[in-house]
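Structure record follows, encoded as structure tokens.
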Amino acid sequence: MKVALAKDLEQDANLAKRSRAELCRQQRVFNARNRIIGGDTKAWDIQVHDQRIKEATEKARHETFAAELRQNDKTSCILNDREERDRKCLCRAISDFQQNCQKPETRREFDLSDPLALRKALPARQSDSDVRNTISGMQKFMGEDLNFRERKKFQEEQMREWSLQQHREWERARADQKFAEDRHTQARLKFDETARHLQKLEGTTRRAVCAAVKEFNKNQAMESAERRKHEKRQEQEDNMAEISNLLQGDLLSENPQQAASSFGPHRVLPNRWKGMNREQLEGIWLAQKQQIQEKLRLQEEARQRDLDWERRQVQRARDELLGERQRQRQQCDQRRALDHSNLSLAAEQRLQKKYMDEICANQPTGDYFAQFNTRSR
């Protein structure tokens with residue numbers, strides 16, 4: 001039995017320590033994932049730090065965009081609800097006005113279609129205020145009634161009251177519109193303040209984007225102001241035209257324009273329309289002839305285009321067929337050339353292998369190559 005000396009134990013411990021150190025060094029050298037030898041760790045740390053900063057900046061940017069998008073969606077919903085509520089109020093006001101101020105009994109021609117006319121029948125004329133004294137009855141002519149002055153004064157007072165009422169309604173609508181515009185302006189100012197606050201938080205990475213957003217908001221505000229100004233001017237012109245039409249109407253005149261309907265230029269009032277004139281009929285006939293000629297021309301162009309398209313399709317199919325045949329012939333030629341080249345290379349390789357087998361009798365095996373690159377030094 002061999003006695004273990006302290007020197008031998010120390011030598012074995014040193015060998016084991018060097019073996020462990022060699023194994024650790026091999027792991028650090030041959031492991032490509034954890035290897036740091038030969039690399040710039042400071043540059044890698046800087047790249048990792050920059051990547052994290054970039055990811056945090058992108059995350060903050062997306063969160064800012066999401067918050068702004070949610071705020072814009074909320075504002076859009078509020079404005080849509082307000083517009084729907086205003087539309088309902090306007091429709092309700094129109095319906096109330098029609099029910100209260102435009103009843104069938106207030107029409108001038110109601111006596112012609114009154115279902116209780118026979119029950120209300122009275123003598124031909126009782127007084128000047130008899131509702132049955134129509135123009136067709138010839139019981140009372142214009143200016144022959146006894147209360148002509150009082151009636152004229154009452155009509156003028158009634159017209160003035162109607163005008164004042166319309167003016168008050170117009171003022172009320174304009175005040176509502178101005179209030180809505182002020183609320184809209186305040187909302188936009190609040191949005192701008194929020195955008196500026198977000199710009200301060202985002203820093204230099206958002207300056208260019210915020211400048212573009214600010215310019216876009218400015219253009220939108222200018223377009224909105226111009227559109228509101230145009231709508232206000234159009235509303236004033238419409239109101240003035242309506243007042244002028246009420247004061248200077250030509251219901252009983254022979255003017256053909258009095259039969260025009262308010263629903264569009266293609267609509268007329270049947271109880272006022274005098275029929276189409278010669279120029280309108282000739283215009284309609286001419287427009288029909290032009291439409292027929294235009295339709296025939298479009299049909300001929302479509303037919304020519306279809307024929308041209310069919311010719312092009314046939315020519316393209318013919319070219320594709322010829323090209324496919326040409327490609328097949330070229331592939332056959334290339335395949336034959338490749339087969340011939342492969343046969344030549346195979347013959348040369350067989351000759352070279354036969355020559356190497358005759359010259360080199362000691363061929364290297366896998367054990368010969370396995371003895372290299374086994375240590376880290």
Side-chain angles (χ1 to χ4, degrees), residues 61-107 159 161-199 201 206 209-247 249 260-270:
R61 180 169 174 267
H62 289 304
E63 290 178 354
T64 303
F65 285 158
E68 185 176 356
L69 183 60
R70 288 193 298 269
Q71 186 67 21
N72 291 335
D73 292 340
K74 183 178 179 181
T75 305
S76 177
C77 292
I78 293 173
L79 293 177
N80 289 333
D81 294 339
R82 184 180 303 161
E83 183 179 359
E84 186 67 24
R85 186 169 60 255
D86 294 341
R87 188 182 297 108
K88 289 181 179 179
C89 292
L90 180 60
C91 293
R92 191 181 300 110
I94 292 173
S95 179
D96 294 340
F97 178 78
Q98 290 177 353
Q99 292 178 2
N100 298 328
C101 301
Q102 294 182 352
K103 296 181 179 179
E105 294 81 1
T106 59
R107 298 178 183 174
M159 185 64 68
E161 290 295 332
W162 287 351
S163 299
L164 291 176
Q165 183 180 2
Q166 289 180 354
H167 183 72
R168 287 193 297 270
E169 291 178 356
W170 178 74
E171 290 291 340
R172 191 181 302 108
R174 188 171 66 176
D176 294 340
Q177 183 179 4
K178 185 177 180 181
F179 177 74
E181 292 176 357
D182 294 339
R183 292 290 300 275
H184 181 69
T185 304
Q186 292 177 3
R188 294 195 65 84
L189 291 176
K190 185 176 179 181
F191 298 156
D192 295 338
E193 184 66 25
T194 305
R196 286 195 295 270
H197 180 67
L198 294 176
Q199 288 173 0
L201 293 178
R206 284 279 296 160
V209 177
C210 289
V213 172
K214 186 176 180 180
E215 185 67 22
F216 177 77
N217 291 335
K218 183 177 179 181
N219 294 333
Q220 288 293 104
M222 292 175 63
E223 292 178 1
S224 179
E226 186 66 23
R227 184 172 58 255
R228 290 196 300 269
K229 186 184 296 182
H230 178 71
E231 290 175 356
K232 184 177 180 180
R233 184 169 59 254
Q234 185 67 29
E235 184 180 0
Q236 291 178 355
E237 292 177 358
D238 294 340
N239 292 334
M240 293 301 297
E242 183 178 359
I243 294 172
S244 177
N245 290 332
L246 289 175
L247 295 176
S261 176
S262 61
F263 295 100
H266 61 284
R267 300 283 294 275
V268 295
L269 299 176

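A quick note: this is a predicted structure, and the numbers were derived from the prediction, not measured.
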Pairwise ring pair (Phe, Tyr, Trp, His ring centres under 6.0 Å) hits with a residue in residues 168-191, at least two apart: H167-W170

Nearest 0.5 Å please: distance from the [atom1] atom of [X] over to the [atom2] atom of [Y].
X: L69; Y: T64; atom1: CG; atom2: OG1; answer: 12.5 Å
X: L198; Y: E193; atom1: CG; atom2: CD; answer: 10.5 Å
X: R196; Y: T194; atom1: CZ; atom2: OG1; answer: 9.0 Å
X: Q98; Y: D96; atom1: CD; atom2: CG; answer: 9.5 Å
X: R85; Y: L90; atom1: CZ; atom2: CG; answer: 14.0 Å
X: E84; Y: C89; atom1: CD; atom2: SG; answer: 10.5 Å

Would you find a donor on one side and an acceptor on the other, under 3.5 Å apart, between the side chain of T75 and the backbone of Q71? yes

Sub-3.5 Å donor-acceptor pair from the side chain of S76 to the main-chain atoms of N72, do we have one? no

Tell me whether R82 at atom CZ has more than 12 heavy atoms from other residues, nucleotides or ligands lying less than 6.0 Å away. yes

Indicate yes or no: at least one non-hydrogen side-chain atom of R174 is less than 4.5 angstrom from one of K232. yes

Applying side-chain hydrogen bond (donor to acceptor under 3.5 Å, both in side chains) as the test, list every pair that has at least one member in residues 217-229; sequence neighbours left out. S224-R228

